[in-house]
Amino acid sequence: MSAHNESILREPLITGKNITYSKITEDVLVPVENKPNKAWWIGFGIAVALALTWVVTISYTFWVGLGTWGLNKTVGWAWDITGFVWWVGIGHAGTLISAVLLLFRQNWRNSINRSAEAMTIFAVICAATYIIAHMGRPWLAYWVFPLPNQFGSLWVNFNSPLIWDVFAISTYFSVSLVFWYTGLLPDIATIRDRATGFRRRIYSILSFGWAGSVKNWQRFESVSLILAGISTPLVLSVHTIVSFDFATSLEPGWHTTIFPPYFVAGAIFSGFAMVQTLLLIARKVMKWENYITMFHIESMNVIIIVTGSIVGVAYLTELFIAWYSGVEYEQYAFLNRISGPYWWAYWCMMTCNVISPQLFWFKKIRTSIWASWVLSIVVNIGMWFERFVIIVTSLHRDYLPSSWAMFYPTTIDILLFVGSIGVFFTLFLLFLRVLPGIAMAEVKLILKSSSDQVKQKLIRDGKVEKSHGEYYQESLEKYDSVSKSDYAKS
């Protein structure tokens, strides 16, 4: 949309004065071209320590076996699959922001899509490690693929949703990786042109000869739209198929048709919460307040409200259907969740996922940096408890009371999960160090239409109605990146 067509009533996507194409490049490339600051080193040190914990615990698990986990004959799935589903869910926001919002021409995605896409890649990697670890014999992981092997025609069971997982998640990862890297090409070329010596050679290889020609940009836009079109159904299909791991069983508490839409909403819910967790810190440390504005933060909080409400309705629907079905096993499964030995996990889930997002209805909380960051962490804690409740409470008390058993996580269970968080943050911090965390090329596209300085100039030049100009300036009160004294009304 051209600059003179965008309504003054729309809040700015770029704030700050004297923002130019050159300044955007300088601001975004500070962490890439300069030595990392103290905050980055502290975060990286903690992340690496946790990642090393993961290396030790996963190695110990491979060496000794799955007996190091708290699994038993009754509860064969627990923290491992909980972690797997949690990480896959977190990876959904990146593709949603990149693909769906691109197709709907939502320009507010431009500042957050790059980091969200990177988050997707790293979250799926963390999820994959759980699957390989749970195999018990990870060196035979290739058995999940329909390949000839040394034992003859031993093929996978294509009727199993576990195999559907392999194909869905590998496809999702491949498309997301290509989509992410395609968007990086113009920005990598910018780094290449500013670099010297060995760094220039490395970025020259990574840029695939990007020259910034008209033909380059035409192909770039065409490929981006095609990949967005491919990625959009993947957002819905991947977590739908993950939910089939449970929904196609006959287990009380799992065998339900509401799982696919409810899992997808939960994935987007947790994914946007993790985007908030990451970007609110990066925004402060990297001084990106002018590009990741309060409008971005508030928009993501609105999506958290919507998806959190959908998840809350799904919880209540599950309870109603269990009662309405008249099936005593199904009814007991939910009664056991509410008041059984794991009641604390169920009520943590309900508090974090249903009650806490409703606080975002209050504008003061929705536009508060600290409140948004704390609640984003609360949401992800709640989503982890959701997966734990679904998996463990449904398994530990099945049809046969004589087989009932409790699950207690071991130290290895806990350290493996905490370590996977360390792996994730290590990868993300390295990404911020070597590649631009904001899509410079895409942010520059909206500089002349959606920036605060352009809108202020229209107001000063008298090109908008006075009431509209006043309304616009009042809307800036929530922006922490806008100096109120600069825009005091005369």
Side-chain angles (χ1 to χ4, degrees), residues 61-62 65-66 69 71 73-92 94-96 99 120-121 123-179 226-227 229-268 271 387 390-392 394-395 398-399:
T61 299
F62 288 171
L66 297 187
W69 296 354
L71 305 177
K73 289 183 179 180
T74 302
V75 184
W77 277 3
W79 276 47
D80 50 327
I81 304 302
T82 300
F84 161 72
V85 180
W86 188 72
W87 279 119
V88 172
I90 282 173
H92 267 58
T95 306
L96 182 77
T120 293
I121 304 298
V124 173
I125 290 172
C126 291
T129 62
Y130 271 104
I131 294 300
I132 294 171
H134 191 266
M135 290 177 176
R137 293 180 286 174
W139 51 90
L140 300 179
Y142 65 90
W143 281 11
V144 301
F145 298 105
L147 301 173
N149 57 68
Q150 65 268 36
F151 295 106
S153 56
L154 178 62
W155 275 44
V156 298
N157 178 11
F158 289 103
N159 292 324
S160 170
L162 298 176
I163 296 304
W164 306 345
D165 268 349
V166 173
F167 287 98
I169 294 173
S170 59
T171 302
Y172 181 66
F173 178 79
S174 303
V175 173
S176 297
L177 184 63
V178 173
F179 197 11
I226 291 169
L227 290 173
I230 295 172
S231 301
T232 300
L234 287 177
V235 174
L236 302 175
S237 68
V238 172
H239 227 60
T240 296
I241 291 174
V242 169
S243 77
F244 288 168
D245 294 346
F246 309 102
T248 56
S249 73
L250 297 178
E251 197 74 28
W254 287 3
H255 189 63
T256 171
T257 55
I258 199 175
F259 266 24
Y262 145 40
F263 266 52
V264 170
I268 297 170
R387 279 62 183 256
I390 290 172
I391 294 163
V392 174
S394 297
L395 289 174
D398 203 341
Y399 294 100

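Keep in mind it's a predicted model, so treat the numbers as computed, not measured.
Qualifying side-chain hydrogen bond (donor to acceptor under 3.5 Å, both in side chains) partners for Ser231, counting only residues two or more places apart in sequence or in other chains: none. Taking the side chain to side chain contact (heavy atoms under 4.5 Å, CB included) definition, one finds that Trp164 meets it with Pro161, Ile241, Phe244, sequence neighbours left out.
Between the side chain of His239 and the backbone N or O of Val235, no donor-acceptor pair lies under 3.5 Å. Tyr172 contributes a side-chain N or O that, together with a main-chain N or O of Gly91, makes up a donor-acceptor pair within less than 3.5 Å. With Thr248 contributing its side chain and Asp245 its backbone, the two residues share no donor-acceptor pair below 3.5 Å. Within the 3.5 Å criterion, the main-chain N or O of Ala78 finds a donor-acceptor partner in the side chain of Asp80.
Contact check for Phe246 versus Val85: side-chain heavy atoms found under the 4.5 Å cut-off. Side chains of Phe173 and Ile125 form a contact here, defined as non-hydrogen atoms less than 4.5 Å apart. Taking 4.5 Å as the limit, every side-chain heavy atom of Thr129 sits out of range of all side-chain heavy atoms of Trp87. Counting only heavy atoms from C-beta outward, the side chains of Ser237 and Leu234 approach each other to under 4.5 Å.
Within a 6.0 Å radius of NE2 in His134, other residues, nucleotides and ligands contribute more than 12 heavy atoms.
Minimum interatomic distance between Arg387 and Trp86 (heavy atoms only, all atoms of both residues): NH1-CA, 3.4 Å.
Side chains of Ser249 and Trp254: a donor-acceptor N/O pair is absent below 3.5 angstrom, by distance only.
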(message) Quick one, Thr95 with Phe179, criterion side chain to side chain contact (heavy atoms under 4.5 Å, CB included). Give me CA distance, side-chain angles, the key distance, then yes/no.
(response) CA-CA 9 Å; Thr95 306; Phe179 197 11; 5.6 Å; no

